[in-house]
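Residues take their numbers from the sequence shown, with the count starting at 1. Since this is a predicted model, take the numbers as computed values, not measurements.
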Amino acid sequence: MNLFIKTESQKTWLHKLHELESKFKNNSAQIDELATFPTEHIQDLINMGYTSSTLPKAYGGGGLKIYDMILLQETLASFDATTALSIGWNLGVIGELFEKKSWTDKNINFFANEVLNGALVNRSVSEAQTGSPTRGGRPGTKAVKKENSWVISGRKTFTTMSPVLTYFLVSAWIEEKQKVGFFLLHKDLVGLTIDETWDVISMRGTGSHDLVLKEVEVDDSKLVELPEIPSGSQLNAWILHIPACYLGIAQAARDYAIQFANNYSPNSLNGPISQLANVQQLLGEIDLELLKARHFLYSVAEAYDDESRRAHITNELGAAKHIVTNAAITIVDKAMRIVGAKSLQRSNPLQRYYRDVRAGLHNPPMDDVTIKKLALSAIEREKSNFSYPAPSK
């Protein structure tokens, strides 16, 4: 991990996070067991300024880039995955909004101040009938114009961090414009409620409940985005917080397996099981998977942060999520093979890691979409008789 730390700023942020390590790790099992949202953890992160870390410095934030974010998010996820995935959405949405600057100056300045004052935000786009918005389904949530305001009704699923969100960026179909728009809705609006539907076996404490909107009326200015192309079609490297989270879980599983192997000594051996060839084989395979996943993820983040290289990124973001998530599943599986049946005990963290990494398969972009895009790109590239540009003289 030290190989990927490049700046003093990163060291400072990592030091701040490590001050919370014991607390977050100690709470992780209970959060999972009771499916409770880690409100106290999130407040700790607000207090240390972490929730505004991806807000640009020009607006008073931490100014973290993609690379910085994944470094910190991986570390945080190794402490508590629920906390990391939850706050990752907030960091990613803020980073994306201020990178693209598609809002009016008035809205963007207002929102920057809200973020600095501890406001939390997430997009609310998924619906039961349409599935993942990345597949292009039209939202059933509708916005109807009423003089100088909008009236919004609908139900959204997978609204991660819903118990503590200040703002919801809600997608809605606008019939009169024949477009999907995004509305910035405050949690206290009349008609906005949370239906606590989140009852799953993975990431149990993320509070990804349903957002219910019953004729929620907002000012015309709260229509903050009216994209020309579907959001799933736009390049958004801030979603790399997702694979960073699952990489952190894989690291935690790896660390537990090594500790176990070095300390578990059955009476059939003259020493710990770490001396066994089959255990060493699994440990080596685990570290190889980690190396491959981490180097790919961080190289993609570094390329995106370099604006001179960003334009050349095509399918690398989806590939990074695919590679890291599937590697994490493999790593946890191998860790459980080392620990054996003890890994299935409810008191053992490996069974929690095993369940949590499975959730990565269902975060966007989906594996089949990523593979299809890679194939289509290769086909089109060959059709266009692609040639590498000549070096400049």
Problem - Contacts of type side chain to side chain contact (heavy atoms under 4.5 Å, CB included), residue E19, not counting sequence neighbours - result: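 Testing E19 for side chain to side chain contact (heavy atoms under 4.5 Å, CB included), a comparison that skips the adjacent residues, returns H15.
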[X]: partners by salt bridge (Lys or Arg N to Asp or Glu O under 4.0 Å), with sequence neighbours left out:
X	result
D68	none
K16	none
E302	K6
K146	E217

Using a 3.5 Å cut-off and no angle test, enumerate the donor-acceptor pairs between side-chain atoms of residues 51-62 and protein atoms at least two apart in sequence or in another chain.
{"unit_1": "S52", "atom_1": "OG", "unit_2": "G49", "atom_2": "O", "d": "3.2"}
{"unit_1": "S53", "atom_1": "OG", "unit_2": "Y50", "atom_2": "O", "d": "2.7"}
{"unit_1": "T54", "atom_1": "OG1", "unit_2": "L91", "atom_2": "O", "d": "2.8"}

Would the distance check show the side chain of [X] and the main-chain N or O of [Y] forming a donor-acceptor pair, the cut-off being under 3.5 Å?
X	Y	value
E289	I286	no
Q73	A84	yes
Q30	N27	no
N236	W238	yes
T166	L120	yes
D305	Y67	yes
N26	S22	yes
T160	S208	no

Can you confirm whether [X] is buried at [atom1], in the sense that more than 12 heavy atoms of other residues, nucleotides or ligands lie under 6.0 Å from that atom?
X	atom1	value
N148	CG	no
E196	CD	no
D199	CG	no
Q178	CD	yes

Just by distance, no angles: are the side chains of [X] and [Y] close enough, under 3.5 Å, to form a donor-acceptor pair?
X	Y	value
D367	T370	no
Y264	Q259	no
S149	D219	no
S124	T159	yes
K156	S171	yes

Exercise for the section: If you link ILVMFWY side chains whenever their heavy atoms are less than 4.5 Å apart, which other residues fall into the same cluster as W173? By chain and number, please. Expected result: V180
Fill in the blank from the handout: Students should find that the hydrophobic cluster of F158, defined by side-chain heavy atoms under 4.5 Å apart, otherwise consists of W198, V200
Handout entry: Short N-O contact, R155 and E127, less than 4.0 angstrom
Key =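 Salt bridge: no.
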Problem - R254 bridged to D287 by N-O distance under 4.0 Å - result: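 Counted as a salt bridge, because a side-chain N and a carboxylate O are separated by less than 4.0 Å.
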Between [X] and [Y], what is the shortest heavy-atom contact and its length?
X	Y	value
L235	R310	CD2-O, 4.4 Å
I273	P266	CG2-CD, 3.7 Å
P163	G207	CD-O, 3.5 Å
S28	D80	OG-OD1, 2.7 Å
G360	T325	C-CG2, 3.5 Å
G271	S265	O-OG, 2.8 Å

Practice task
Could you label the plane-to-plane angle of the W89 and H241 rings as parallel, tilted or perpendicular, counting under 30° as parallel and over 60° as perpendicular?
Solution key: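 Correct class here is perpendicular.
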Can you tell me how far apart [atom1] ([X]) and [atom2] ([Y]) are? Round to the nearest 0.5 Å.
X	Y	atom1	atom2	answer
N363	L85	CG	CG	6.0 Å
T7	K11	OG1	NZ	8.5 Å
L290	E285	CG	CD	12.5 Å
L211	H209	CG	NE2	11.5 Å

Joint cluster assignment, [X] & [Y], ILVMFWY side-chain distance < 4.5 Å:
X	Y	result
L165	V212	no
L291	F4	no
L45	V164	yes
V324	I371	no

Exercise for the section: Report the C-alpha separation of K372 and D368 in whole Å, then their side-chain angles, then the decisive distance to 0.1 Å, and conclude whether the side-chain contact (heavy atoms from CB on, under 4.5 Å) test is met. Expected result: CA-CA 6 Å; K372 182 178 180 179; D368 65 308; over 6 Å; no
Between side-chain atoms of residues 337-350 and protein atoms elsewhere (two or more places apart, or another chain), which donor-acceptor pairs fall under 3.5 Å?
{"unit_1": "R337", "atom_1": "NE", "unit_2": "D333", "atom_2": "OD2", "d": "2.7"}
{"unit_1": "R337", "atom_1": "NH2", "unit_2": "D333", "atom_2": "OD2", "d": "3.3"}
{"unit_1": "S343", "atom_1": "OG", "unit_2": "G340", "atom_2": "O", "d": "2.7"}
{"unit_1": "R346", "atom_1": "NH2", "unit_2": "E33", "atom_2": "OE1", "d": "3.1"}
{"unit_1": "R346", "atom_1": "NH2", "unit_2": "E33", "atom_2": "OE2", "d": "2.2"}
{"unit_1": "N348", "atom_1": "OD1", "unit_2": "L350", "atom_2": "N", "d": "2.8"}
{"unit_1": "N348", "atom_1": "ND2", "unit_2": "Y256", "atom_2": "OH", "d": "2.9"}
{"unit_1": "N348", "atom_1": "ND2", "unit_2": "K342", "atom_2": "O", "d": "3.3"}

Practice task
Provide the full list of ring pair (Phe, Tyr, Trp, His ring centres under 6.0 Å) pairs with a residue in residues 303-338, sequence neighbours left out, each pair given once.
Solution key: none
Handout entry: Sequence neighbours excluded, every pair satisfying ring pair (Phe, Tyr, Trp, His ring centres under 6.0 Å) that has a member inside residues 340-363
Key = none
Practice task
Check the pair L361, N326 against side-chain contact (heavy atoms from CB on, under 4.5 Å), reporting the backbone distance first and the verdict last.
Solution key: CA-CA 8 Å; L361 295 174; N326 285 282; 3.8 Å; yes
Exercise for the section: Enumerate the residue pairs fulfilling salt bridge (charged side-chain N to carboxylate O under 4.0 Å, His left out) with a member in residues 315-330, sequence neighbours excluded, ordered by first and then second residue. Expected result: none
Exercise for the section: Indicate, with yes or no, if the rings of H186 and F168 have centres closer together than 6.0 Å. Expected result: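 No; F168 has its ring centre 6.0 Å or more from that of H186.
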Handout entry: Within the 6.0 Å centroid threshold, strictly below: F79 and H41
Key = no
Problem - CA sep, side-chain torsions, deciding dist, call: I379, K383, side-chain contact (heavy atoms from CB on, under 4.5 Å) - result: CA-CA 6 Å; I379 292 167; K383 285 181 180 178; 3.9 Å; yes
Handout entry: salt bridge (Lys or Arg N to Asp or Glu O under 4.0 Å) between D32 and R355, intermediate numbers included
Key = CA-CA 10 Å; D32 174 75; R355 289 183 284 110; 2.7 Å; yes
Practice task
Show your reasoning for whether side-chain contact (heavy atoms from CB on, under 4.5 Å) applies to Y246 and D356.
Solution key: CA-CA 8 Å; Y246 296 108; D356 283 347; 5.5 Å; no
